Amino acid sequence: QVHLVESGGGLVQAGGSLRLSCAASGSSFSINAMGWYRQAPGKQRELVAGISSGGVRNYADSVKGRFTISRDNAKNTVYLQMDSLKPEDTAVYSCNAQYIEYPSRWFRDAWGQGTQVTVSS
């Protein structure tokens, strides 16, 4: 089973930057796609950014040009660089990993515990 640990959230003023990290640990697995989701109070969880094992990235329209997702496959870690933050970016950000478990070769999903990002105006 894969365990995800996030870090890097906090309070920042509008226009500022934060960098989130999410490290995967466990045994006998291979991670495929990784991504960041967010959920603001009273709203549904939404995909912020995703990255495939081959490095193909996709972003929500609301963060394009401001956020950058990257990953270090050797460290099983995904990052989210968030620049030009806006108050509407305030949410709990959660990391997701889609992985293959060995030896069963089952496809599974793992989620981090979430980290709060608050952007003040």
Side-chain angles (χ1 to χ4, degrees):
Q1 187 172 358
V2 168
H3 182 56
L4 302 178
V5 177
E6 299 140 339
S7 60
L11 173 64
V12 65
Q13 287 189 330
S17 297
L18 283 174
R19 188 187 193 217
L20 305 182
S21 299
C22 172
S25 62
S27 60
S28 302
F29 67 93
S30 176
I31 294 180
N32 291 335
M34 300 187 81
W36 289 95
Y37 289 74
R38 68 185 181 187
Q39 186 167 22
K43 294 188 177 182
Q44 288 191 331
R45 184 169 61 190
E46 63 172 348
L47 174 66
V48 177
I51 184 167
S52 71
S53 56
V56 177
R57 297 167 173 84
N58 63 288
Y59 297 95
D61 287 343
S62 59
V63 306
K64 282 181 181 176
R66 300 188 297 121
F67 291 11
T68 303
I69 189 170
S70 61
R71 65 189 285 176
D72 184 333
N73 290 331
K75 296 181 179 180
N76 287 321
T77 299
V78 64
Y79 307 96
L80 185 67
Q81 177 66 41
M82 304 185 293
D83 299 317
S84 302
L85 282 160
K86 304 175 181 180
E88 51 263 44
D89 294 318
T90 295
V92 174
Y93 285 70
S94 299
C95 173
N96 171 264
Q98 298 171 13
Y99 66 98
I100 300 173
E101 180 183 76
Y102 295 102
S104 65
R105 299 191 69 84
W106 283 99
F107 284 85
R108 296 197 181 278
D109 226 5
W111 289 90
Q113 79 283 1
T115 185
Q116 178 69 46
V117 171
T118 302
V119 184
S120 63
S121 57

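Treat the numbers as computed from the prediction; the structure is a model and nothing was measured.
Of the inter-residue distances, the one linking Ser52 atom OG with Arg71 atom CZ reads 7.0 Å to the nearest 0.5 angstrom. Here Trp111 contributes atom CH2 and Glu6 contributes atom CD; the two are 9.5 Å apart, rounded to the nearest 0.5 Å. The OG atom of Ser25 sits 10.0 Å away from the CD atom of Gln1 when rounded to the nearest 0.5 Å. How far OG of Ser30 is from CD of Gln98: 12.5 Å, rounded to the nearest 0.5 Å. Here CD of Gln116 is found 7.0 Å from OG1 of Thr90. Values are rounded to the nearest 0.5 Å. Taking CD of Gln13 as the start and OG of Ser121 as the end, the distance is 9.5 Å to the nearest 0.5 Å.
One N or O on the side chain of Asn96 and one on the backbone of Ala110 form a donor-acceptor pair closer than 3.5 Å. Between the side chain of Gln81 and the main chain of Arg19, no donor-acceptor pair closer than 3.5 Å is present.
Tyr99 is not listed as a side-chain neighbour of Met34, based on a closest heavy-atom distance of 4.5 Å or more. Using a 4.5 Å heavy-atom cutoff, the side chains of Glu88 and Val119 are not in contact. With a 4.5 Å cut-off on side-chain heavy atoms, Val78 and Ile31 do not count as touching. For the pair Val2/Arg108, no side-chain contact is recorded, criterion being any heavy-atom separation below 4.5 Å from C-beta on.
The nearest pair of heavy atoms linking Val5 to Gln113 is CA-OE1, 4.1 Å. Contact record, Asn73 with Ser53: ND2-O, 3.6 Å, taken as the closest heavy-atom pair. In this structure, Gly9 and Leu20 approach most closely via the heavy-atom pair N-CD2, 3.5 Å. Considering all non-hydrogen atoms of both residues, Leu85 and Val12 come closest at CD1-CG1, 3.6 Å. Heavy atoms only, all atoms of each residue included: Leu4 and Ala97 are closest at CD1-N, 3.8 Å. Closest non-hydrogen pair, Lys43 versus Gln39, comes out as O-NE2, 3.1 Å.
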(request) With side-chain contact (heavy atoms from CB on, under 4.5 Å) as the test, would you mind laying out the steps for Ile100 and Trp106 before giving the verdict? (result) CA-CA 6 Å; Ile100 300 173; Trp106 283 99; over 6 Å; no

(message) Using the rule given for side-chain contact (heavy atoms from CB on, under 4.5 Å), can you reason through Glu46 versus Arg38, listing the C-alpha separation, both sets of side-chain angles and the distance that settles it, and then say yes or no?
(response) CA-CA 6 Å; Glu46 63 172 348; Arg38 68 185 181 187; 2.6 Å; yes

(request) Give the C-alpha distance, both sets of side-chain angles, the deciding distance and a yes or no for side-chain contact (heavy atoms from CB on, under 4.5 Å) between Met82 and Val48. (result) CA-CA 11 Å; Met82 304 185 293; Val48 177; over 6 Å; no

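The stretch residues 58-121 participates, sequence neighbours left out, in these disulfide (SG to SG under 2.5 Å) pairs: Cys22-Cys95.
For Tyr79, there are no ring-ring contact (aromatic ring centres under 6.0 Å, His included) partners two or more places apart in sequence or in a different chain.
Side-chain atoms of Asp83 and Ser17 include a donor-acceptor pair closer than 3.5 Å.
Note on Asp89 versus Lys86: no salt bridge recorded, every NZ/NE/NH1/NH2 to OD/OE distance being 4.0 Å or above.
Using a 4.5 Å cut-off between side-chain heavy atoms of Ile, Leu, Val, Met, Phe, Trp and Tyr, with links allowed through other members, Val92 and Trp36 fall into different hydrophobic clusters. Linking ILVMFWY residues whenever their side-chain heavy atoms come closer than 4.5 Å, directly or via other members, leaves Tyr37 and Ile69 in distinct clusters.
Ring planes of Phe67 and Tyr93: tilted class, angle from 30 to 60°.
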